[in-house]
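Hydrogens, waters and symmetry mates play no part in the numbers below; they use all other heavy atoms, side chains included. Each chain gets a letter, A, B and so on, in the order its sequence line appears, and its residues count up from 1.
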Protein chains: 2
Amino acid sequence: MKEGPHIALIASLIGDPARANMLTALIGNRALTASELAHEAGVTLQTASFHLGKLEQGSLICPRKQGRHKYFALAGDEVAHALEALMGIAANAGHLRIRPGPKDVALRQARVCYNHLAGEMATRLFDSMISRRFLSVEGEDVFLTTAGARFVRNFGIELDALPAKRPPLCRQCLDWSERRFHLGGSLGRAILAHIVELGWAKREQNTRALVFSRRGQALWVELTAER
Amino acid sequence: MKEGPHIALIASLIGDPARANMLTALIGNRALTASELAHEAGVTLQTASFHLGKLEQGSLICPRKQGRHKYFALAGDEVAHALEALMGIAANAGHLRIRPGPKDVALRQARVCYNHLAGEMATRLFDSMISRRFLSVEGEDVFLTTAGARFVRNFGIELDALPAKRPPLCRQCLDWSERRFHLGGSLGRAILAHIVELGWAKREQNTRALVFSRRGQALWVELTAER
DNA sequence: TTCATACTTCGATGCTAGTCGAACCATTTG
DNA sequence: CAAATGGTTCGACTAGCATCGAAGTATGAA
């Protein structure tokens, strides 16, 4: 490939269908094996291995070896963010203007973005916490207020157990389906884990969609009401 | 190209060096002719025409004819946003960790992001307006407060002359060099135009860098101080 | 009107990148 | 230990894409 701006290299890595499918499969903060990714991409293992090498070379993914299994995960949430931005172009260009089907409705409602909750369910949490002064926004920085800390403790999150250093406790993350923000950071991650632990929602095998149970959704809606 | 997720198509369009150079040239919200873009890309006019057709087909750019001249601009700020997100990957992967030279310092300080100011100068404005309660953030929505309206009027922006409908008056836009937000929307656009009109800064011909004069910078720093 | 300039389209060319079979290495299991 | 499984590397092949010369269309200027 001819010399060009660095974004050309990154974009060309994403621009191959097999690799794009792999990256998409990894958005939900899953670490998948090379074999699983080969299956996601619909290519042979050797082709997948070749592609994974390129993605790793380009710093889009990170490998982790466990015995004979080798797991790959996105290198960071900048990658997830860029993938979502690319999806945003599709959305804005009208390619996704017509809602394709139930599965995409599910993605719009709740899905995993890297390691935290995204979609309508997520943005309503963020909005609710802003309006109830549980979160305070200053520029990019998002802080948990004292009232907010009480709120999440009541929800069942052990704040003291969260990583004290990077990633930040709270972080705004742009939600492409809602065009608004949802909560990232270690708190966002903990909330997603807690929702799953409570059985309010569960993850499906081959998708980023997070499926709330009827009861779980009711409880979540109540929790995130803007009172 | 094999069928793949839509982001593969979009990314593959960006992933060609010639096209990436064109898109980069257009980030500064310039509308450039096909000849100018051919020059930016370092290809012949016929090759450029071919590429521009593909970018237009993919809804990344919009053409506008003026006599025998045909101008192309980015299709919208989602495109600029995605391009900046791709730059963010490069930055995060350490490819730009070592500051290459004065020009990139200039880009970090002040540059044009589509149609509004970005870089350090821009994020300090956003932060300042947040902390001085000139801007109010609720989720993704950013509102100009009464005090904020007074502030920008004092600065010389005719608020009533701004477009009443889309784009929104205020909009948060992620700044890749600063990893924080700067102000987009029609107000952001107006502010950039006003800075240039006042002579505080000027745009260079072949770059997104916005060069503040010494006086302009001092005035800007004072305006955006967080008092 | 003619000439110059901006841009588009077509066809041919060459290079690159993705693909898979084969062979190999690493780890686990029976 | 051998067999099975997960993964890597190499080589050959081919499809596809970017490129430019040539020819054509559209617009502006003299």
Restricting both atoms to N or O, compile the protein contacts to nucleotides 20-30 of chain D shorter than 3.5 Å, with distance only.
residue	atom	partner	partner atom	Å
D:dC20	OP2	B:Thr44	N	3.3
D:dC20	OP2	B:Thr44	OG1	3.1
D:dC20	OP2	B:Thr47	OG1	2.8
D:dG21	N7	B:Gln46	NE2	2.7
D:dT27	O3'	B:Arg68	N	3.3

Expected list for residues 195-202 of chain B: side-chain donor-acceptor pairs under 3.5 angstrom, two or more places apart:
none

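- Applying the 4.0 Å criterion to OP1 and OP2 of C:dC7, one finds that B:Ser35 has a side-chain N or O inside that range.
- Ring-plane geometry between B:His116 and B:His182 is classed as tilted, the angle between the planes lying from 30 to 60 degrees on a 0 to 90 degree scale.
- For A:Thr47, the side chain to side chain donor-acceptor pair (under 3.5 Å) partners at least two apart in sequence or on another chain are A:Thr44.
- Taking every side-chain heavy atom of A:Phe72 into account, D:dT8 is the closest of D:dT8, C:dG18, D:dA18.
- For the pair A:His51 and B:Leu45, nearest-nucleotide mapping onto DNA chain C gives the more 5' position to B:Leu45.
- In this structure A:Arg68 satisfies the salt bridge (charged side-chain N to carboxylate O under 4.0 Å, His left out) test with no other residue, sequence neighbours excluded.
- In this structure, A:Lys54 does not reach the C:dA17 phosphate: none of its side-chain N or O atoms is under 4.0 Å from OP1 or OP2.
- Scored by the side chain to side chain donor-acceptor pair (under 3.5 Å) test, A:Ser35 finds no partners at all (sequence neighbours excluded).
- With sequence neighbours excluded, no residue satisfies side chain to side chain donor-acceptor pair (under 3.5 Å) with A:Glu56.
- Rounded to whole angstrom, the span from the CZ atom of B:Arg64 across to the P atom of C:dC7 amounts to 13 Å.
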